[in-house]
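Everything below concerns the one structure shown next.
Chain identifiers are assigned alphabetically (A, B, ...) following the order of the sequence lines, protein sequences preceding nucleic acid strands; residue numbering begins at 1 within each chain. Keep in mind the model is a prediction, meaning the values are calculated, not measured.
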2 protein chains.
Amino acid sequence: MTTKRPTIRDVAALAGVSVATVSRVLSGDYPVAGATRTRVQRAVRDLDYVVNAHARALSGATSKVVAIVMFNVTTPFYAHIAAGVEAQAAEADRLCLVCTTGGDPDRELEIVKLMREQHADAVILVGGVTMTDDYRERMHRYAKALEDANSRLVLCGRPAPSPDFPAVTVEYDNVGGAYAATSHLLSVGHRRIAFLGGAVGNTTFDGRDTGYRRAMAAFGATVDPALVSHHGSLGPEYGFARVGELLAAGTDFTAIFAVNDHVAAGAIRALRAAGKRVPDDVSIIGYDDTPFAPDLSTPLTSVHLPHDELGRTAVRLALQRTGPARQHVMLGTHITMRDSVRPLV
Amino acid sequence: MTTKRPTIRDVAALAGVSVATVSRVLSGDYPVAGATRTRVQRAVRDLDYVVNAHARALSGATSKVVAIVMFNVTTPFYAHIAAGVEAQAAEADRLCLVCTTGGDPDRELEIVKLMREQHADAVILVGGVTMTDDYRERMHRYAKALEDANSRLVLCGRPAPSPDFPAVTVEYDNVGGAYAATSHLLSVGHRRIAFLGGAVGNTTFDGRDTGYRRAMAAFGATVDPALVSHHGSLGPEYGFARVGELLAAGTDFTAIFAVNDHVAAGAIRALRAAGKRVPDDVSIIGYDDTPFAPDLSTPLTSVHLPHDELGRTAVRLALQRTGPARQHVMLGTHITMRDSVRPLV
DNA sequence: ACGAGTAGTGTAAACGCTTTCTCGAGGCGT
DNA sequence: ACGCCTCGAGAAAGCGTTTACACTACTCGT
């Protein structure tokens, strides 16, 4: 088995031309006489020849691979960004290498090293991150190394650690989204709005916190610390437990702004378990506009993120080798209205 | 910028050894004197040297890449399989190339060709497919080509087109799962069970159809054609529309078996819209056990698939180069019970 | 003390492609 | 007619590794 694969040399021999000519026919843009071109193409077909990507990449051409590095692949948030990346990569005739970190910074380090080995022509780091000094320093090294390896680094959904950072960034507007969500609640009369926040220090969740507070301030509502919580886990358990606490403590609130839809789902569960109706008794608004949002027990109003566009823009930025080497794009968000918010009469 | 990257030659020079020695230190299992090894490792660190994966792959070593080809990356079904593949690949020190077809067979063809270029050491084709003669013939060619390119092909969630097909397959038991689901409904007294089926001719959905019919027969229930439908779209709209029809036609039924959870979600929507209660008036059972199943308006009972194990097994089979070149693994399913099924009194 | 291993290292030939030179053959302006 | 261009095609030099082969210097068994 495993018959030897034909090489460019075999094609050249069969077509009666030199390997250079075959290469030129295959790569396109170089003047080759029509007759020669046809002969080569015939030989390629007859031999069922395919180029060896490694040989091609080795001899100077680009690798045609974009890598996406993210937390996991199953969370809708990441999955949709990945979809955008994959789609745009495919359009640009690129393959897509997917790596997951599970949130482990050391794994991220390791993956970046692997990407250097692979000479990926773009590396896209997705998702918010908790910015420690160590992280900053380390990321700077990564980015430098990648730049030297002639790959473009793109930070997707997280800001650059410093202005001179050798990477392009594309983010969605966390502050704006949270501001809009909270304002929406406020504008229909809610004042006692609980905030179910994410991890403190994380660029993404800090932004949402800020948006919440700004909106409250803008409407002259005071932020009751008893109504604000932060937690690293972004699962339904958090929402469920936290709302249970609030209810048990008898803290008064008429609305909830949850840091994502999963947390919101847990919150709704807790509310129902306690005999509260949504949205009649408590209004709620989520974040991410996950696909299942419309099918929750109460169709959930949620902040919609430009997932797909985020992924696509990241790839576009990475591949466009002309123009400024560092740039920053901020994508907007909007609220998808469903039935989980009711005006306070 | 873009300073030249150090090569193995630079390392050799700095360490005062030959490139062969450096290579041997890097590749591990080969006798190298302790002192020399240390010196080389120091040079590697000082130069911040990383190997060039393309050069390595070109010169005979394996490519360390496994490719997964699937419909899309956002549907939980595929996402979870991909997660399994990625995890297992990472454990085997492999990178994971993800390609989506959007269901286009021509795109699948194109991708397989790309994988030949890449010399991926495993190519995993995920998901059911409609088996036309053309498909059979074409797939056979793909598989042969891949085998020649020294890659392993694995069919994941779809049977091999023929017994001599040069690929390994790993499937989950569609017939068994559907049989179990339908039996569950039957065993609590339901007889008028609507089946919301998938595309006819597709290996996956045909299996579920068979399971449904066998269970019905086993319990001596007759299959009313008016209660059975098939549709290629697997979205909520299908479930919503179909249940709407059933209701409008006044067809009598007490339970629904939906081909997946999305369709089930749509069905529930339609039921509620018509003032029916779930499960009090109509019981329903889904397929896939999607993560959002517990958070639907009625927590959905669903057939659980071994997504993760499916992906992992696929990779394991592909990478284990010893043992039979063609083999077949069938993974079992089970029902995750929630609140969407009520006994008929 | 001598030939046979063997551990440790070096040399150089692939691996399959791209790309820079080179060069020949026509076409054309004067 | 003659030099000059342009177009098409070939030769060959890499690209950065791995690895087969060769060689040296020991260590042993006899």
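Backbone-only engagement by A/Thr7 is indicated by non-hydrogen atom pairs under 4.0 Å involving sugar-phosphate atoms exclusively. When heavy atoms are screened at a 4.0 angstrom cut-off, A/Val25 is found touching no nucleic acid atom at all. Using a 4.0 Å heavy-atom criterion, one finds that A/Thr21 contacts the sugar-phosphate atoms exclusively. Nucleic acid contact class of A/Ala20 (heavy atoms, under 4.0 Å, all strands): base.
Straight-line distance from the CD atom of A/Gln118 to the P atom of D/dG16: 16 Å, rounded to whole Å. Between the NE2 atom of B/His54 and the C1' atom of D/dT18 there is a distance of 16 Å, rounded to whole Å. Rounded to an integer number of Å, the gap from CG of A/Asn52 to P of C/dC15 is 12 Å. One interatomic measurement links the two molecules: CZ of A/Arg116 to C1' of D/dT17, which rounds to 17 Å at whole-angstrom precision. Put simply, CZ on A/Arg37 is 15 Å from P on D/dC7, counting in whole angstrom units. For A/Arg9 and C/dC17, the CZ to C1' distance is 8 Å, given to the nearest whole Å. Residue B/His119 contributes atom NE2, which lies 15 Å from atom C1' of D/dT17 at whole-angstrom precision. A/Lys64 places its NZ atom 16 Å from the P atom of C/dC17, with the value rounded to the nearest Å.
Between A/Ser59 and C/dG16, a side-chain N or O to OP1/OP2 separation shorter than 4.0 Å is absent. Side-chain nitrogen and oxygen atoms of A/Ser27 include at least one within less than 4.0 Å of the OP1 or OP2 phosphate oxygen of C/dT18.
Checking D/dT19, D/dC15, C/dC17 against the side-chain heavy atoms of A/Ile8 singles out C/dC17 as nearest. Nearest nucleotide to the side chain of A/Tyr49, out of C/dC17, D/dG16, C/dT18: C/dC17.
No side-chain N or O of B/Thr101 forms a donor-acceptor pair with one of B/Asp104 less than 3.5 Å apart. Donor-acceptor pairing under 3.5 Å is lacking for the side chains of A/Ser151 and A/Asp121.
Heavy-atom nearest nucleotides on DNA chain D were determined for A/Thr36 and for B/Val50, and the one closer to the 5' end corresponds to A/Thr36. Annotation: of the two residues near DNA chain C, B/Leu58 and B/Gly16, the 5′-most nearest-nucleotide partner is B/Gly16. Along DNA chain D, the nucleotide nearest A/Ser18 and the nucleotide nearest B/Val51 are compared for position; the residue whose nucleotide lies closer to the 5' end is A/Ser18.
Using bins of under 30°, 30° to 60° and over 60° for the plane-to-plane angle, the ring pair B/His54/A/His54 lands in the tilted bin.
For the ring pair (Phe, Tyr, Trp, His ring centres under 6.0 Å) with A/His307, the qualifying choice from A/Tyr78, A/Phe77, A/Tyr172 is A/Phe77, the only one to do so.
Evaluation of atom-type donor-acceptor distances gives a pair under 3.5 Å for the side chain of A/Arg24 against the base of D/dG10.
A salt bridge links B/Asp48 with A/Arg116: at least one charged nitrogen is closer than 4.0 Å to a carboxylate oxygen.
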